[in-house]
Amino acid sequence: HDVAVSTRQLLVMYAAFVFVWVALLVAWTLHTPAHTTVEVLDRGAMSYNHKHCEFRMASPLSFMLFTMEVAMLVWGVHITVRVRNVHRMFNESTSVGGSIYGIVILALIGAAMLLGSSDPEARFVIASATILIMCLNIIVLMYVPKIYH
């Protein structure tokens, strides 16, 4: 059977998520402001100051933001499942599903690697590489199938 999902319905659902997300971010910023700390790194003959931003991760608002991230991923999977029977020319549900799967797996791997590293430079490289690979994953899964069809 056909399922009709209008653009307006998608925009309303997305706007509701964005509104709640922005409200949580503003509340989190006001409740748990970030502060800068300076760490002196000694690299043999060279030492330098490393500034980084810290915040209290264990606040209830942090948990709510994480929950919103998971809710957005679940919503993406829900929309993907609802539109899986669309005409083949417009069917991107497998690409979107693969992208979401890749994001979750890469986020788990990146988080595990970040937790295991204490060196700021290594943490920067790990976080940057994880984000880059996530973006490449999405681009490849969304656009390469269009080239071959």
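Just so we're clear, the structure is a prediction, and the values are computed from it rather than from any experiment.
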Which donor-acceptor pairs under 3.5 Å do side chains of residues 124-142 form with protein atoms, sequence neighbours excluded?
| unit_1 | atom_1 | unit_2 | atom_2 | d |
| --- | --- | --- | --- | --- |
| S128 | OG | F124 | O | 2.9 |
| T130 | OG1 | I126 | O | 2.7 |

Any residue meeting side-chain hydrogen bond (donor to acceptor under 3.5 Å, both in side chains) with E121, in chain and number order, not counting sequence neighbours: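 Y48.
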
Only counting residues at least two apart or in another chain, list the ones meeting side chain to side chain contact (heavy atoms under 4.5 Å, CB included) with [X].
{"X": "M72", "value": "Y14, F17, W21, W75"}
{"X": "A111", "value": "none"}
{"X": "T37", "value": "H35, H52, E54"}

Side-chain heavy atoms under 4.5 angstrom apart, residues restricted to Ile, Leu, Val, Met, Phe, Trp, Tyr: same cluster for [X] and [Y]?
{"X": "L73", "Y": "I105", "answer": "no"}
{"X": "Y101", "Y": "L106", "answer": "no"}
{"X": "L24", "Y": "V18", "answer": "yes"}
{"X": "L11", "Y": "M13", "answer": "no"}

Other ILVMFWY residues reachable from V74 by side-chain steps of under 4.5 Å: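 Cluster partners of V74: F66, V70.
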
Shortest non-hydrogen contact between R123 and L115, atoms and distance: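 Result for this residue pair: NH1-N, 4.5 Å.
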
Point-to-point distance, once rounded to the nearest 0.5 Å, from CG of L108 to CE of M113: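 That separation rounds to 13.0 Å.
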
